[in-house]
Asker: 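Input: one structure, supplied below.
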Amino acid sequence: MDFTYDDEQQALREAVRGLLATAYADHEARRRTVAEEPGFDRALWGRLAEMGILGLPFSEDDGGVGAGPVEIGIVCQELGRVLAPEPYLASVVHAGGLVAALGSPEQKADLLGRLSSGELLLAAADTSPGGRWTAEPDGVRASVSGDAWTLDGVADPVVGGESADMFVVTATLPDGGGTGVFVVDASAATVSGYATADLTRAASVTFDGSAATPLGEAGRDLADNVATISDLTRIMGANQALGVMQSQVRATTEYLKSRKQFGVTLNTFQALTFRAADMYVELELAHSMVDWATMTIAGGDPDAVAVAADRVGLQVSRSGRHIGQEAIQLHGGIAMTAEYSVGVGTAHLTVLEQWLGNAGHHLTRLSERVDDHELVEAI
Amino acid sequence: MDFTYDDEQQALREAVRGLLATAYADHEARRRTVAEEPGFDRALWGRLAEMGILGLPFSEDDGGVGAGPVEIGIVCQELGRVLAPEPYLASVVHAGGLVAALGSPEQKADLLGRLSSGELLLAAADTSPGGRWTAEPDGVRASVSGDAWTLDGVADPVVGGESADMFVVTATLPDGGGTGVFVVDASAATVSGYATADLTRAASVTFDGSAATPLGEAGRDLADNVATISDLTRIMGANQALGVMQSQVRATTEYLKSRKQFGVTLNTFQALTFRAADMYVELELAHSMVDWATMTIAGGDPDAVAVAADRVGLQVSRSGRHIGQEAIQLHGGIAMTAEYSVGVGTAHLTVLEQWLGNAGHHLTRLSERVDDHELVEAI
Amino acid sequence: MQLELSPTDAEFRDRMREFFTSKVPQEIRDTVLEGRHLTRDQIVESQRTLNAEGLAVPDWPTEWGGQDWTDLQRHLWHEEMQRAGVPLPLAFNASMIGPVIAQFGTEEQKQRFLPDTASLDIWWSQGFSEPDAGSDLASLRTTAVRDGDDWVVNGQKTWTTLGQYGDWIFTLVRTDTEVKKQQGISMLLIDMTTPGVEVRPIELIDGGHEVNEVWFSDVRVPGDLLVGEPGQGWTIAKFLLGNERVGVAPVGATKRALATLKETAADQLQDPLVRARVAELENQLLALELTALRVVAHSAGGEPHPASSVLKLRGTELQQAVSELALDLAGPAALAARADDDSPQEGWARRTAPTYLNLRKASIYGGSNEIQRQIISRTILGL
Amino acid sequence: MQLELSPTDAEFRDRMREFFTSKVPQEIRDTVLEGRHLTRDQIVESQRTLNAEGLAVPDWPTEWGGQDWTDLQRHLWHEEMQRAGVPLPLAFNASMIGPVIAQFGTEEQKQRFLPDTASLDIWWSQGFSEPDAGSDLASLRTTAVRDGDDWVVNGQKTWTTLGQYGDWIFTLVRTDTEVKKQQGISMLLIDMTTPGVEVRPIELIDGGHEVNEVWFSDVRVPGDLLVGEPGQGWTIAKFLLGNERVGVAPVGATKRALATLKETAADQLQDPLVRARVAELENQLLALELTALRVVAHSAGGEPHPASSVLKLRGTELQQAVSELALDLAGPAALAARADDDSPQEGWARRTAPTYLNLRKASIYGGSNEIQRQIISRTILGL
């Protein structure tokens, strides 16, 4: 039992942090980047590829680095810390994760190789309009004629979809065959991009007889695999949220120390410093749960990962709501502005939560399992 | 629309407050009273009878005063304010309320007359061991042979039951006939008295072929009427809780002003004064809801009263939990002791809540009605 | 004690409800009820409709268009507007500068400004907050220096809500730097077309352009545009902010928002946890509304009841809580915040994240909730 | 980073679990698990069972019965005890005065007291708090005046937990009134059978006799019972209170209480609102337990990790929250708090109200949650 990073993990953190600092030295840089097309920094993306960060989760055979969940979590935390708009979670962790889990050896070598090198952007299209966190969305239907598959329907939101070169699409198979996963070229779909509430990009993607290639063997029901990759993405999203919250607690603390009102700094007001203490408590609890969930992945048991995703999802939703709201309140008006990172961080937490599953969703799932165990075992 | 007391109501409040001040000038007096038999002040009870307080809810024909819900609420608030252990809510409001609603003219004249004059103590036996706030408890069964009714079973807790001369018992009628209400002489039952968590008294009452007289016409299903009287009792219990909370907020405020720590009075600490402000907010919200629910009774619609009882029950449960806990916390250790009124007030709020219906119960009932209305109309 | 409205008040309420739901254009009210942004023209049209009926500025003296209503009637007017989705009369005009001019202004100022203020022919902006002052208003640094009959103003205001629409701005400026800071403040009315006035937008986290910075560079203001006496600004500001807090709890609008949400997200109402959240919020809103009624019933002679801080505090908390519920019911659709109207996601769901983020301001602006707790603990509890 | 215990630690945990569940009498453990009160004899018997196995005072120096364990092992020992319902070794002995004597005591004091302290042949009470001091410990007023070789003690202590069982009491007394208040304090060990010591019970709101007042009237204490130097009391107290906070979060016991509640109130677990409350609490407890593990993994050289305040703060909140859930699940049966055992109400339900009330103390005693927030905001956040 060990909650500390080893030297290599520390070095990875420093390297990623250093690289991100060149691109997002201050919030203004992030603000400029999201205001322009494509909504993230392609040069930075290239440097992440060079550092091996884009290929981190994938095996060396597929052009990746073969690192573990802790390393990917470190990257996500650092991205969250500076509110980096790069679609790492959507493209590498989620869409890339689906390819790595389900693709044929050829597909993996091709798609993951190009993803790792920064040539190819993927996005997972797995949510129906109005849908809510299911591995069996009904917005896109797959049809087959001979060997040729086509897709019809709409997926929305497709996070990172605006700039994606290819979509990894979750679709209903014909004749009650369950859920299939397909690769579709962006040119075969109609992509309507938009900015989300945190100014990162997503898209509504419409398929209209779009030519599609099954990932791996055609026609199998892959709902369980899709669910597992979503759970992994949730846990990595929690890492990213942790980075956001750490920045918010730090910024709030600094603000209370430096900002003067009524002739004194704000940390003179005990009602405010006690609330900062409560923010810290929430941060530490979230941190513990994020580390635990991330380590759970290594065990390789999909059920354990599903539970861990719900547990960390609930904790991070609660902590994120608390910290995100209090960070704004303790700052006051300045944090309502797009110029200042704290409020935008709250927007980012909001997007992560509603994208990956909110507190109510996770709590309902955990409630269903309450009598599966006598008490919850941490280790 | 008017939320103010008229002159007579003001005078009633002053009179009751004055009388209670003679008996419970300080918490030590209350403490002595509950430590001795019968757990309340019989002399005070007699003076309440003389003032007409015991007969307040009942018609003049039945030996009462014929006052309205606002007046009864005033009395309950004042009792709560000093944590008076007298069984007014149990005996007069609840048991007396059942007799007034269901009794024959002769029963009413007899029982309510003696109740009003202080000669007779009643208690409502309407809860089965382990039961939860239903008008159809199954702990006591009624049997009839010719005209002679008998009861078998157990009711617990019977609040105020330890000293009761007679029980007003809710029992299951034979042959699926629903819920009947009976009067049973205490001598016909086995009464095992005990102190509740706030040191007022209740009892476990066992009926074993106990001779019973139906209230009013025999054999009718009275579950609806029983429910309505319970709802009235809940609303009066909320008035009593309001009195407790008012005292707790006042005591806490005074303590913060006078108690010194680290060389200064506690109101120097903003974290504490802000929490006192939040207590005040909860108090005012509860106050508003209590007034509203009390006034709703006058409309005479049992459905409206049922909803009002749930609404005020939920609000007072929440406010009571908040205020009762914060009052102890802001005082510190002293409020943990039985010598000091604040913690005992929290115990009293706890007893009122679990006796009459806790937040979860009321919230569940209100949840069931959520789509009965577009929005909640206050007036 | 009695719950029912008197026949007079019931008739009054019916009249308000009838007017608001039949005379204020449906499209404007739908915009409000669905949580979309109003245009300047819609706000103006709505206020003119009200003003034509004498319903825009009931708080003012009757000679300037006010109504001789009871506090309860004012409350009913306010609630019915919110319930019907009628935009409230622009606060800067109706609740702030109007009453100030009526109370402290010269006869000339009254004649010149009050009718156009009621009808929104002049759109007023508020120039109080400054970047380094925040809740500590008295530390303001914008100066006005005498030059002949005029004042010359230099400095910067911020958080000027809807300043981009403003014709005039009422400002607090420092006219005397020698005295105690509260005593050196005066109120000036400034035509925003005057050379040297510049309005710069502040982008908020919800992407909206709702507030602004207003910069003053050697802005020349005629002397007859000072309200009251030089140095009286602090007194006037306190008068104005006292008015602002009355009826500040957006109970009716929040009730309306929750009712709408029950309809739009009806399928999720089968989830018992969602039902419980709705039921809890409905109950809290009822308690707040009843508290507002109690405050109304007790407020004596126009002085705000001290418990009005309770209304502001809890009112904004509940407003925020309903916006959180909406966000959670929207789920992934909430991501489509800035998608265009062709989006396959429902409009209400797309608006939830910006609304949630925008409403974080509710507990900051207009006297933060910390200030309200301070008022309660000091003024009411004597701590 | 790795989740699994090392084979050594896993084996250690199994050994603890095995010992606690097989060697500590079932009746004692059931009393703990069901939330009933332990007798003095049960507490003593349990601690002697532990001590015989070297498991009563692992934190002490090994020469006095301590164990050379890692922080993680100490944590596992602590959690497994709670989980099995083993009464924790009496804190006054094991965590407070024992380590103090081992650190500051003379060789004579160590020989005389440590073995009997470990085995609970001496039951220690704590004499720190005073009626007018509360959290402000340094303001204490109990005095000890030199008289020959002895000290003569006068004053009053309060909140002395289980003082009715105490053989000896370790006290903070003022030995010098001339110096700065922290510097005039010393620690004295006092035999509670000495003439002039009087223990008076304080009745708590749950009806229990758990704390006491201890009065000292001209109590004569031999000079060799002063620990450390005169004036060193404040330093010793800080050392002692620092020890107290380590592992102070009752995670294991709270988890156990929640698990038991799921069983005893199983039929109510069908209510979705109850299920959600349980699931939320289980998750919060997991987060806390993991935080405890992180703190353990990081605490360097016996110094408490600053985040241990997080454990105390949240640990007591969750302990209280579980007691609230139990109360709500008990419903009307909770009224039968002081009914005798013939009561038709179930025992667990009858105990809920006293337990709920009693646990209000958890956020007050041993450094109130306000003190913990202060520590976090100052020490950790630098505010």
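The structure displayed is predicted, hence computed values, not measured ones. All chains are named by letter (A, B, ...) in the order of the sequence lines, taking the proteins before the strands, and each is independently numbered beginning at 1.
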Asker: Report which part of K255(D) has an atom under 4.5 Å of a heavy atom belonging to chain A: side chain, backbone, both, or neither.
Answerer: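 Both backbone and side chain.
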Asker: Could you tell me which of V376(A), T265(A), V312(A), V70(A) has the largest number of non-hydrogen atom pairs under 4.5 Å with chain D?
Answerer: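 Looking at each option in turn, the highest pair count goes to V376(A).
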Asker: Is there a side chain to side chain contact (heavy atoms under 4.5 Å, CB included) between E4(D) and I379(A) once you walk through the steps?
Answerer: CA-CA 6 Å; E4(D) 292 74 32; I379(A) 42 177; over 6 Å; no
Asker: Side chain, backbone, both or neither: which part of R378(D) has a heavy atom under 4.5 Å from chain A?
Answerer: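 Neither part, no heavy atoms under 4.5 Å.
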Asker: Please check if atom CG in D7(A) has more than 12 non-hydrogen atoms from other residues, nucleotides or ligands closer than 6.0 Å.
Answerer: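 For D7(A), atom CG is not crowded (no more than 12 foreign heavy atoms under 6.0 Å).
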Asker: Mind checking the CZ-CG spacing from F274(A) to N369(D)? Nearest 0.5 Å is all I need.
Answerer: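 Those atoms lie 10.0 Å apart.
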Asker: Can you name the closest pair of heavy atoms from E282(D) and V370(A) and give their distance?
Answerer: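 Nearest heavy atoms, E282(D) then V370(A): OE1-CG2, 4.3 Å.
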Asker: Highest number of heavy-atom pairs under 4.5 Å with chain D: which of R318(A), Q270(A), Q9(A)?
Answerer: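 Highest number of pairs under 4.5 Å: R318(A).
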Asker: Examine whether an atom of H287(A) lies under 4.5 Å from a heavy atom of chain D, and if so say whether it belongs to the side chain, the backbone or both; otherwise answer neither.
Answerer: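 When you check distances to chain D, atoms from both the backbone and side chain of H287(A) fall under 4.5 Å.
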Asker: Mind checking whether L314(A) and E280(D) have side chains closer than 4.5 Å, heavy atoms only?
Answerer: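 Heavy-atom side-chain distance check passes, below 4.5 Å.
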Asker: Between CZ of R13(D) and CE of M1(A), what distance do you get to the nearest 0.5 Å?
Answerer: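 The distance works out to 10.5 Å.
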Asker: For the CG atom on D372(A), are there more than 12 heavy atoms of other groups (residues, nucleotides or ligands in this structure) within a distance under 6.0 Å?
Answerer: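 Yes, enclosed.
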Asker: Can you tell which part of L3(D) gets under 4.5 Å to a heavy atom of chain A, answering side chain, backbone, both or neither?
Answerer: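 When you check distances to chain A, atoms from both the backbone and side chain of L3(D) fall under 4.5 Å.
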Asker: As a test of understanding, state which of E377(A), Q315(A), R311(A) forms a side-chain contact (heavy atoms from CB on, under 4.5 Å) with L286(D).
Answerer: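 It is R311(A); the other options fail the test.
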Asker: Heavy-atom cut-off 4.5 Å, strictly under: side chain, backbone, both or neither for L258(D) against chain A?
Answerer: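 The answer is neither part of L258(D).
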Asker: Any side-chain heavy atom of F3(A) within less than 4.5 Å of one from V296(D)?
Answerer: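 Not in contact.
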Asker: If we define contacts as heavy-atom pairs under 4.5 Å, which of T364(A), V249(A), T273(A), T296(A) has the most with chain D?
Answerer: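 Sorted descending by pairs with chain D, the first entry is T273(A).
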Asker: Can you tell me how far CG of D371(A) sits from CD of Q270(D), rounded to the nearest 0.5 angstrom?
Answerer: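 Nearest 0.5 Å value for the CD-CG distance: 6.5 Å.
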Asker: T291(D) versus chain A, heavy atoms under 4.5 Å apart: side chain, backbone, both or neither?
Answerer: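 When you check distances to chain A, atoms from both the backbone and side chain of T291(D) fall under 4.5 Å.
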Asker: Given a strict heavy-atom distance threshold of 4.5 Å, which part of A378(A) is in contact with chain D: side chain, backbone, both, or neither?
Answerer: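 Contact with chain D is through both the backbone and side chain of A378(A).
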Asker: Is L72(D) close to chain A through its backbone or its side chain, or both, or neither, when contacts mean heavy atoms under 4.5 Å?
Answerer: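 Just the side chain, heavy atoms under 4.5 Å.
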Asker: With a 4.0 Å cut-off on N to O distance, would you call D278(A) and R373(D) a salt bridge?
Answerer: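 Yes, this pair counts.
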Asker: Between atom CG of D2(A) and atom CG of L293(D), what is the distance when rounded to the nearest 0.5 Å?
Answerer: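 Here the interatomic distance stands at 11.5 Å.
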Asker: Please determine whether the number of non-hydrogen atoms from other residues, nucleotides or ligands lying under 6.0 Å from atom NZ of K260(A) exceeds 12.
Answerer: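 No, not enclosed.
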Asker: Show the nearest heavy-atom pair for residues A287(D) and S288(A), with the distance to one decimal.
Answerer: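 Nearest heavy atoms, A287(D) then S288(A): O-CB, 3.9 Å.
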Asker: Quick check for you: to the nearest 0.5 Å, what is the distance between W292(A) atom CH2 and M1(D) atom CE?
Answerer: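 Taking CH2 in W292(A) and CE in M1(D), the distance rounds to 13.0 Å.
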Asker: Shorter than 4.5 Å, heavy atoms on both sides: which option in D310(A), L363(A), T294(A) has the most such pairs with chain D?
Answerer: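 Ranked by heavy-atom pairs under 4.5 Å with chain D, first place is L363(A).
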Asker: Check whether R83(D) gets within reach of chain A through its side chain, its backbone, both or neither, counting any heavy atom under 4.5 Å.
Answerer: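 When you check distances to chain A, only side chain atoms of R83(D) fall under 4.5 Å.
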Asker: With a 4.5 angstrom heavy-atom cut-off, could you sort out which part of Q2(D) is near chain A: side chain, backbone, both or neither?
Answerer: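 Both backbone and side chain.
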Asker: I would like to know whether E282(A) and R314(D) meet salt bridge (charged side-chain N to carboxylate O under 4.0 Å, His left out); could you show each step before the answer?
Answerer: CA-CA 9 Å; E282(A) 284 295 332; R314(D) 185 53 65 104; 2.9 Å; yes
Asker: Which one of L266(A), D6(A), D291(A) has the most heavy-atom pairs closer than 4.5 Å to chain D?
Answerer: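 Of the candidates given, the most pairs with chain D belong to D291(A).
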Asker: Any Lys/Arg nitrogen of E284(A) or R294(D) sitting under 4.0 Å from an Asp/Glu carboxylate oxygen of the other?
Answerer: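 Counted as a salt bridge, because a side-chain N and a carboxylate O are separated by less than 4.0 Å.
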Asker: Which atoms form the tightest heavy-atom contact between A276(A) and L381(D), and what is the distance?
Answerer: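 Smallest interatomic distance, heavy atoms only, reads O-CD1, 3.6 Å.
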Asker: Given heavy-atom pairs under 4.5 angstrom as the criterion, report whether the side chain, backbone, both or neither of N283(D) touches chain A.
Answerer: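 Interface part for N283(D): both.
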Asker: Quick one: closest heavy-atom pair of E374(A) and A259(D), and the distance?
Answerer: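 Here E374(A) and A259(D) meet closest at O-CB, 3.4 Å.
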